[in-house]
Amino acid sequence: MTSRHGRRTAAPTSSTRVNRRSTAALALAAVLAAAAPAARAGLFDDDEARRRIEALRQELSQQGRDNEARIARLEESIRNIGVIELVRQIEQLNAELARLRGQLEVVANDNQQIQKRQRDFYLDLDSRLKRLEGTAGVPTAGAPTSGATEVPAASSGFGPRAATKEDQAREMKAYDAASNLFRRNDFPSAIDAFRAFVKEYPGSALAANAGYWIGISYANMRDYRNALAAQEDLLTKYPQSPKAPDALLAIAAIQAEQGDSGSARNTLEDIIARYPGSEAALKARSRLAAVRR
């Protein structure tokens with residue numbers, strides 16, 4: 001065999017070709033042997049990554065479920081707090097309502113007691129007046145038939161001091177104020193007011209009326225000594241007053257109330273003798289007849 005430069009070379013034998021093939025095969029095997037661990041390592045790395053990714057996915061999923069559960073518990077707690085607060089407020093309102101009902105019952109009971117005392121008072125007054133009617137009776141000019149003590153009238157005219165309309169208005173206002181106290185059964189205040197009226201307007205045509213109601217106020221308070229003194233003072237200061245017969249009738253009633261029936265009869269007979277045409281005389285005759293029965 002001739003080479004490119006013209007030198008002769010020996011032709012390759014079969015053994016030489018075999019050796020070359022073996023060498024190439026060994027080289028290929030070495031390359032494959034070297035590449036096999038890397039391939040196996042790559043495969044193993046992919047599996048580990050997939051496992052880790054899956055584990056991470058499961059962890060994230062579990063964490064999500066835990067967060068949802070935690071949020072649900074928080075929402076339930078918030079709802080429970082709202083319900084508890086509502087229940088507490090309802091309980092407070094119920095307690096306040098119960099307290100108000102209790103106060104209302106107390107007020108209603110007090111009102112019933114006041115009404116009962118008022119009824120008892122008027123029944124007692126009515127019974128005393130009826131009892132006095134059987135003896136001498138408490139005299140009142142035009143006394144109401146209900147048994148309540150007469151309220152003084154304020155239409156009897158005015159005295160010398162009522163020179164002007166302003167004076168008349170002040171005089172009437174003072175008398176009405178005392179009368180209103182009497183109407184409210186505030187007898188101590190009525191006495192003070194009537195006394196102040198008499199002191200301020202001694203010449204008034206209503207001065208005798210004021211003195212009469214002072215005596216009646218004392219009688220309603222069962223202070224018979226001062227009641228008797230007030231009526232006697234009226235007779236001394238105003239003997240010609242239209243209230244004089246009523247004052248005597250009041251004296252007779254006081255005497256009868258104190259158990260002095262003889263003096264009560266004498267006073268009733270004196271009324272009939274001194275004021276025969278008066279309304280007080282008519283009452284005196286009726287009561288005197290009742291005493292004699």
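No experiment lies behind these values; they were computed from the predicted model shown.
Linking Ile, Leu, Val, Met, Phe, Trp and Tyr residues whenever their side-chain heavy atoms come within less than 4.5 Å leaves Leu181 and Ile216 in two separate clusters. Hydrophobic clustering places Trp213 together with Met221 (ILVMFWY residues linked when any side-chain heavy atoms are closer than 4.5 Å, directly or through intermediates). Residues Leu228 and Leu268 share a single hydrophobic cluster, defined by chaining ILVMFWY side chains whose heavy atoms lie under 4.5 Å apart.
At distances below 3.5 Å, at least one donor-acceptor pair connects side-chain atoms of Asn67 with backbone N or O atoms of Gln63. When atom types are taken as modelled, the side chain of Ser204 and the backbone of Tyr201 share no donor-acceptor pair closer than 3.5 angstrom. In this structure, Gln255 contributes its side chain and Ser261 its backbone to no donor-acceptor pair below 3.5 Å. Although no hydrogens or angles enter the test, the distance criterion places no donor-acceptor pair under 3.5 Å between the side chain of Asp270 and the main chain of Asn266.
Here Ile71 contributes atom CD1 and Glu76 contributes atom CD; the two are 14.5 Å apart, rounded to the nearest 0.5 Å. Between Arg287 atom CZ and Thr267 atom OG1 the span is 12.5 Å, to the nearest 0.5 Å. Atom CD of residue Gln231 and atom CG of residue Asp246 lie 8.5 Å apart, to the nearest 0.5 angstrom. Interatomic distance, CG of Asp186 versus CG of Asn180, reported as 11.0 Å (0.5 Å rounding). The structure places CG of Leu97 at 12.5 Å from CD1 of Ile90, a figure rounded to the nearest 0.5 Å. Remark: Glu48 CD to Ile53 CD1 distance equals 10.5 Å, nearest 0.5 Å.
Each of Arg57, Gln58, Arg65, Glu59 was checked for a side-chain hydrogen bond (donor to acceptor under 3.5 Å, both in side chains) with Ser61, and the lone residue meeting it is Arg65.
The existence of a salt bridge linking Asp176 and Lys173 is excluded, since no basic side-chain nitrogen approaches an acidic carboxylate oxygen closer than 4.0 Å. Remark: Glu54 does not engage Arg50 in a salt bridge, criterion side-chain N to carboxylate O under 4.0 Å. The pair Arg88-Glu85 meets the salt-bridge criterion, since a charged nitrogen lies less than 4.0 angstrom from a carboxylate oxygen.
Taking the six-membered ring for Trp, Tyr218 and Tyr224 have ring centres at least 6.0 Å apart.
Heavy-atom minimum distance, Gly215 versus Ala227: O-CB, 3.4 Å. Scanning both residues, Ala280 and Pro245, for their nearest heavy atoms gives CB-CB, 3.5 Å. Heavy-atom minimum distance, Phe197 versus Glu171: CE1-O, 3.3 Å. Residues Leu234 and Gly211 come closest through the heavy atom pair CD1-C, 3.9 Å. The shortest heavy-atom contact between Ala281 and Ile272 is O-CG1, 4.0 Å. Between Arg285 and Pro276, the shortest heavy-atom contact is NH2-O, 3.3 Å.
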Any chance you could lay out the salt bridge (Lys or Arg N to Asp or Glu O under 4.0 Å) test for Asp192 and Arg195, step after step, and finish with the verdict? CA-CA 5 Å; Asp192 293 340; Arg195 286 192 187 282; 5.5 Å; no

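Two residues are said to be in side-chain contact when any heavy atoms from C-beta on lie closer than 4.5 Å; Tyr212 and Ile214 fail this criterion.
Enclosure of atom CZ in Arg99 by more than 12 non-hydrogen atoms of other residues, nucleotides or ligands within 6.0 angstrom is indicated.
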